[in-house]
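Structure record follows, encoded as structure tokens.
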Number of protein chains: 2
Amino acid sequence: MTEGRPGFELPLLLLAGFRALIDRLNAELARQGHPDVRPVYGFAMQAIGLDGASASEMGRRLGVSKQAAGKTVDRLEELGYAERVDDPVDGRRKLIRLTPRGIDALGRSAIIFDELRADWAATLGVDRLADLEDALRTAVGSAELRVDTVSWFGT
Amino acid sequence: MTEGRPGFELPLLLLAGFRALIDRLNAELARQGHPDVRPVYGFAMQAIGLDGASASEMGRRLGVSKQAAGKTVDRLEELGYAERVDDPVDGRRKLIRLTPRGIDALGRSAIIFDELRADWAATLGVDRLADLEDALRTAVGSAELRVDTVSWFGT
DNA sequence: CCATTTCGACAACCACGTTGCCTATTTTAG
DNA sequence: CTAAAATAGGCAACGTGGTTGTCGAAATGG
């Protein structure tokens with residue numbers, strides 16, 4: 001404990017890094033024709049995936065209730081990013097699928113994330129960034145990369 | 001772009017690190033007699049500080065409207081962490097001050113954050129953690145350490 | 001065949017943010 | 001010194017994203 005650095009900066013730096021990336025992602029997505037995609041929707045689309053998913057399944061993946069997932073799907077549907085289809089096998093289920101527009105947004109997100117990471121690599125150096133990632137992986141340990149952040153933060 | 005690592009992991013790692021720290025902070029605070037402190041309240045108390053602040057000032061510091069800050073103060077008041085006092089100098093203002101309980105929570109938070117950072121240092125090595133912090137500082141650049149994360153995320 | 005589980009939807013509610021508007025007060029200009 | 005502008009804080013209405021509880025319909029397992 002002979003260190004001079006205060007502990008409270010560490011979480012703020014992590015949060016600032018996260019925010020910086022997501023802000024730039026959304027700015028770039030907006031520029032590329034997706035002005036309505038909010039961070040939450042990005043995570044939700046990720047949870048749907050290219051294979052589609054049911055609302056209950058989405059809820060489990062996002063760590064929220066199926067009702068909350070259903071509401072998010074409502075929004076995605078309004079925005080034209082997802083659609084509900086009756087499941088031919090299971091009469092209770094509605095399969096949620098990404099529309100071509102949703103798939104486009106998801107694909108662009110992946111590319112933009114790669115570009116942002118490349119920016120960081122250019123700024124920090126490839127090795128240093130890789131070590132940063134490794135260090136984080138070590139520090140967070142087995143903690144899953146959960147995504148139910150909104151509710152977690154507020155509640 | 002010859003790197004194999006996908007870009008989307010970087011934000012998730014940063015978020016997971018942040019979550020891990022805040023979750024442990026709140027668990028420890030709960031154990032030490034502050035079960036009601038939510039992440040949001042911790043940031044809000046930080047914004048009040050030991051010298052107190054007005055609601056408008058809080059809003060500016062947190063990056064939210066003065067009304068939103070006022071609502072948060074309502075909660076902190078209910079929980080006994082803050083109080084409103086008439087400003088003797090400016091009849092419009094109400095000075096928001098931390099109660100002894102609020103100061104206690106804030107002090108414990110600082111200690112816990114230091115302990116958590118020490119844990120990371122023990123896991124990663126002191127130099128590696130310091131480099132992680134430096135790298136993040138470099139990468140986020142002048143981006144302020146804003147704290148209006150709930151609204152930012154959702155909106 | 002019936003009991004249990006699961007799915008999706010609806011309703012009521014809560015937390016936290018927003019804008020717009022209002023009054024009281026302070027500050028600033030003329 | 002006074003009139004105008006800026007600021008503080010509170011109120012109302014609303015949006016969004018959660019939560020539980022309930023329900024009917026459809027699957028599933030004895």
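Just so we're on the same page: letters track the sequence lines, and every chain starts at 1.
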> Okay, side chain of A/D87, backbone of A/V89: is any donor-acceptor separation there less than 3.5 Å?
Replying inline: yes

Between CG of A/D74 and C1' of D/dG17 the distance, given in whole Å, is 12 Å

Here the distance between atom P of C/dT25 and atom CG of B/L95, to the nearest Å, is 18 Å

Q) Does the distance from a Lys or Arg side-chain N to an Asp or Glu carboxylate O, for B/E9 and A/R137, drop under 4.0 Å? A) yes

Exactly one candidate in B/L21, B/L116, B/L25 meets side-chain contact (heavy atoms from CB on, under 4.5 Å) with A/P11; the answer is B/L21

When you measure only distances, ignoring hydrogens and angles, does the side chain of A/Q67 come within 3.5 Å of the base of D/dG21 through a donor and an acceptor?
yes

Review point. NA contact type, A/A68, heavy-atom cut-off 4.0 Å: base, sugar-phosphate, or nothing?
Key: base

Salt bridge (charged side-chain N to carboxylate O under 4.0 Å, His left out) pairs touching residues 43-60 of chain B, sequence neighbours excluded, are B/E57-B/R60, B/E57-B/R61

Out of D/dT19, C/dG8, C/dT18, minimum distance to the side chain of A/S65 belongs to D/dT19

Check your understanding: Taking only side-chain nitrogens and oxygens of B/T72, does any of them come within less than 4.0 Å of OP1 or OP2 of C/dC16?
Key -> no

In whole angstroms, the gap separating C1' of D/dT19 from CZ of B/R38 amounts to 14 Å

Would you say B/S56 places a side-chain N or O within less than 4.0 Å of OP1 or OP2 belonging to D/dG9?
yes

**Asked** Is the side chain of B/D114 donor-acceptor paired with the backbone N or O of A/G7 at a distance under 3.5 Å, no angle test?
**Response** yes

Sorted by chain and residue number, the side-chain contact (heavy atoms from CB on, under 4.5 Å) partners of A/N26 (sequence neighbours excluded) come out as A/I22, A/V37, A/P39

Rounded to whole Å, CE of B/M58 lies from P of D/dG9 at a distance of 11 Å

Strictly under 3.5 Å: I want the nitrogen or oxygen pairs between protein and nucleotides 12-14 of chain C, one per line.
none

d(B/E83 CD, B/L98 CG) to nearest 0.5 Å is 9.0 Å

Applying side-chain contact (heavy atoms from CB on, under 4.5 Å) to A/Q46 and not counting sequence neighbours gives A/L106

Problem - Sidechain-backbone polar pair: B/T99 side chain, B/G80 backbone, donor-acceptor under 3.5 Å - result: yes

Under a 4.0 Å heavy-atom cutoff, the residues of residues 75-85 of chain A touching DNA chain C are A/R84

* **Below 4.0 Å: OP1/OP2 of C/dT5 and any side-chain N or O of A/R93** => no

Next item on the list: Evaluate side chain to side chain contact (heavy atoms under 4.5 Å, CB included) for A/L13 paired with A/F8, printing each intermediate quantity in order.
Entry: CA-CA 9 Å; A/L13 284 168; A/F8 72 86; over 6 Å; no

Next on the checklist: With a cut-off of less than 4.0 Å, is there a side-chain N or O of B/Y41 near OP1 or OP2 of C/dC16?
Outcome noted: yes

With the criterion being N/O to N/O and under 3.5 Å, what pairs connect the protein with nucleotides 26-29 of chain D, and how long is each?
| from | atom 1 | to | atom 2 | distance (Å) |
| --- | --- | --- | --- | --- |
| D/dA26 | O3' | A/G91 | N | 3.3 |
| D/dA27 | OP1 | A/V89 | O | 3.4 |
| D/dA27 | OP1 | A/G91 | N | 2.6 |

note: B/I96, atom CD1; D/dA8, atom C1'; distance rounded to Å ~ 11 Å

Hydrophobic cluster membership, B/F43 vs B/I96, 4.5 Å side-chain cutoff:
yes

Quiz item: With a 3.5 Å cut-off and just heavy-atom distances, do the side chain of B/K66 and the base of D/dG9 make a donor-acceptor pair?
Solution: yes

field: 4.5 Å side-chain heavy-atom contact, B/V64 and B/K71
entry: no

